[in-house]
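Just so we're on the same page: letters track the sequence lines, and every chain starts at 1. Keep in mind that what you see is a predicted model, and the values were worked out from it rather than measured.
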2 protein chains.
Amino acid sequence: MSRPNDRPSLSLLAQSVEPPAQCGTCLLHELHDVFLPASDEERQAIAAFRSGTRNVRAGGLIIEERERSSHLYTLYSGWAFRFKTLSDGRRQILHFLLPGDLMGLQDEFAEGRTHGVQAATDVRLCAFPRERLWSFFHTQPKMGYAITWLAAREEKMLDDALVSNGRRAASERVAMLLMHLFRRAEHLGMTEGQRLAFPFNQQHIADALGLSLVHTNKTLRKLSRAGLHRLEGGVLEILDPHALAQLGDYFERPIRPVPVL
Amino acid sequence: MSRPNDRPSLSLLAQSVEPPAQCGTCLLHELHDVFLPASDEERQAIAAFRSGTRNVRAGGLIIEERERSSHLYTLYSGWAFRFKTLSDGRRQILHFLLPGDLMGLQDEFAEGRTHGVQAATDVRLCAFPRERLWSFFHTQPKMGYAITWLAAREEKMLDDALVSNGRRAASERVAMLLMHLFRRAEHLGMTEGQRLAFPFNQQHIADALGLSLVHTNKTLRKLSRAGLHRLEGGVLEILDPHALAQLGDYFERPIRPVPVL
DNA sequence: CGGTGAGTTGAGCAGCCTCAAATATAGTGG
DNA sequence: CCACTATATTTGAGGCTGCTCAACTCACCG
């Protein structure tokens with residue numbers, strides 16, 4: 001492990017860790033470099049907001065694409081992704097979700113269909129009933145601020161994805177995505193050295209990058225033949241981070257601690 | 001005018017209307033079908049949050065791409081757009097801004113460079129100092145909720161743009177963008193019948209859609225030769241809304257009133 | 001009347017797409 | 001443990017969409 005021992009091992013988060021019954025013992029809050037600390041009062045407010053937990057198996061839908069979900073969710077462990085489907089079946093993956101990420105907020109203010117969220121691994125979720133959202137904002141303005149923070153952070157990632165899809169060539173997009181996902185997972189302690197349990201197949205990558213499956217495959221092969229990465233057996237290994245970052249125009253910026261619910 | 005007379009004429013908003021000295025007489029709040037009403041107390045809180053107004057000429061930068069802006073802004077009149085530039089100069093337009101839209105929120109929680117915002121017409125802005133944001137949330141949780149609402153709404157539009165850039169052909173993207181901008185402007189009362197003062201050139205459209213300038217031109221010409229629209233002299237005219245909506249897979253959904261600051 | 005920016009058009013190229021088929025790889029039932 | 005099936009990956013071939021390069025027009029302006 002590349003991580004020091006003074007924090008709980010979180011490779012676990014990629015596996016199935018049950019969220020605790022009490023938010024007071026929430027594992028996520030123990031990751032001080034990753035998530036902002038929460039006071040006892042805040043934890044109690046979060047606990048009051050939360051209605052329970054939910055498990056979804058790999059491949060299952062957390063939020064249906066057509067219906068407005070009755071709950072918001074915080075991803076507690078595992079990987080998920082947001083997506084949209086066009087009427088003729090073409091799919092676009094909008095965003096990848098890791099532990100601590102909030103989902104379902106966009107639905108709050110929507111009329112029509114929005115997006116779906118699918119579990120990429122087995123996933124544990126904390127569920128928050130939508131009808132309690134406003135009172136949560138009302139009684140805990142700081143938590144409202146936290147939610148806005150998370151929304152703004154996700155929007156920034158969407159900005160980056162839009163730049164990629166709009167203005168970058170295929171190999172640049174692939175390099176960018178691999179680095180992006182690896183860095184985010186690394187920050188959460190889900191990596192081992194340069195290796196990462198990677199639950200996505202080439203169709204996922206293609207749908208995230210706006211490429212065809214075939215061309216995604218050829219691009220991946222080109223990069224791996226050039227020794228930049230290896231991706232097999234569900235493990236992503238970053239062999240030449242510098243070259244990948246360069247190619248993807250991906251600047252590593254310090255990731256600041258963010259709030260969690 | 002296609003709008004009934006029982007609301008103030010807002011073609012004005014596309015021109016240069018000076019925001020009032022007092023938020024209590026803010027024109028935007030008078031548009032009851034468009035924006036949620038605000039109580040006197042809320043208007044006072046907004047007025048206390050606001051530090052003043054700002055004018056930017058067409059083409060001027062409202063927010064610099066490299067620096068974190070010291071203020072949030074509400075666009076009061078005119079058009080603007082958010083964009084990002086790659087190190088080699090390629091540009092991607094992320095989002096188009098109309099009156100009532102909030103900008104600068106993403107910067108709040110960012111480290112590195114984020115995005116720039118440029119005025120497409122002369123614009124009037126209400127400025128809110130960043131350092132008052134938290135106390136605004138704290139003392140007016142309802143306004144915090146409103147800000148989250150606006151952020152979530154913008155994120156939904158980004159989702160749509162991402163789907164377009166990733167999974168739609170050029171003519172579909174163009175049709176989608178024309179309908180999208182026209183419908184949003186129409187909702188604000190900035191159109192006259194099927195006509196709209198359109199401040200963007202083909203390079204803007206290309207940069208929003210992830211296309212080259214030349215191909216954007218050829219696609220626009222194809223659609224206008226087919227009688228779907230006309231775009232000349234800074235005026236966009238929608239000639240066949242049904243065909244454009246069909247082509248762009250653009251479903252008109254009722255636009256709900258949103259909060260304004 | 002030259003200069004600049006925006007729009008238009010043609011020619012040729014290439015990046016990415018679709019179609020097709022050949023391997024893995026994994027899971028399932030006998 | 002092996003056949004059988006479904007899913008994921010890989011590769012080739014050929015074609016179209018969208019790109020780059022280049023040139024010309026038009027409007028506007030000093």
Salt bridge (charged side-chain N to carboxylate O under 4.0 Å, His left out) partners for [X], two or more places apart:
X	value
A/Arg82	A/Glu154, B/Glu155, B/Asp159
A/Glu172	B/Arg90
A/Arg225	none
B/Asp249	B/Arg168

Kindly state which residues belonging to residues 199-214 of chain B come within less than 4.0 angstrom of DNA chain C, counting heavy atoms of the residue only, listed by number.
B/Asn201, B/Gln202, B/Val214
Taking DNA chain C as the partner, which of residues 217-229 of chain B come within under 4.0 angstrom of it by heavy atom?
B/Asn217, B/Lys218, B/Arg221, B/Arg225
Can you name the side-chain hydrogen bond (donor to acceptor under 3.5 Å, both in side chains) partners of B/Ser69, sequence neighbours left out?
B/Arg130
Taken in chain and number order and not counting sequence neighbours, the residues that satisfy side-chain hydrogen bond (donor to acceptor under 3.5 Å, both in side chains) with A/Lys84 are B/Asp160
Round to a whole Å and report the spacing from CD of B/Glu232 to C1' of C/dT8.
13 Å
B/Phe81 meets the ring-ring contact (aromatic ring centres under 6.0 Å, His included) criterion, sequence neighbours left out, with B/Phe83, B/His204
DNA chain D-proximal residues of residues 158-172 of chain B, any heavy atom under 4.0 Å:
B/Ala169, B/Ala170
Is the backbone of B/Asp207 close enough, under 3.5 Å, to the side chain of B/Gln92 for a donor and an acceptor to pair up by distance?
yes
Checking B/Thr121 side chain against B/Trp79 main chain: does a donor-acceptor pair fall under 3.5 Å?
yes
Among B/Val117, B/Ile63, B/Leu97, exactly one meets side-chain contact (heavy atoms from CB on, under 4.5 Å) together with B/Tyr73. Which residue is that?
B/Ile63
Please find the pair of heavy atoms, one from B/Ala175 and one from B/Leu244, that lie closest to each other, and give the distance.
CB-O, 3.6 Å
Earliest and latest nucleotide of DNA chain D, 5' to 3', sitting under 4.0 Å from a non-hydrogen atom of chain B?
D/dG18 to D/dC21
Pairing residues for A/Gln202 by the side chain to side chain contact (heavy atoms under 4.5 Å, CB included) criterion, not counting sequence neighbours
A/Leu213, A/Asn217, A/Leu220
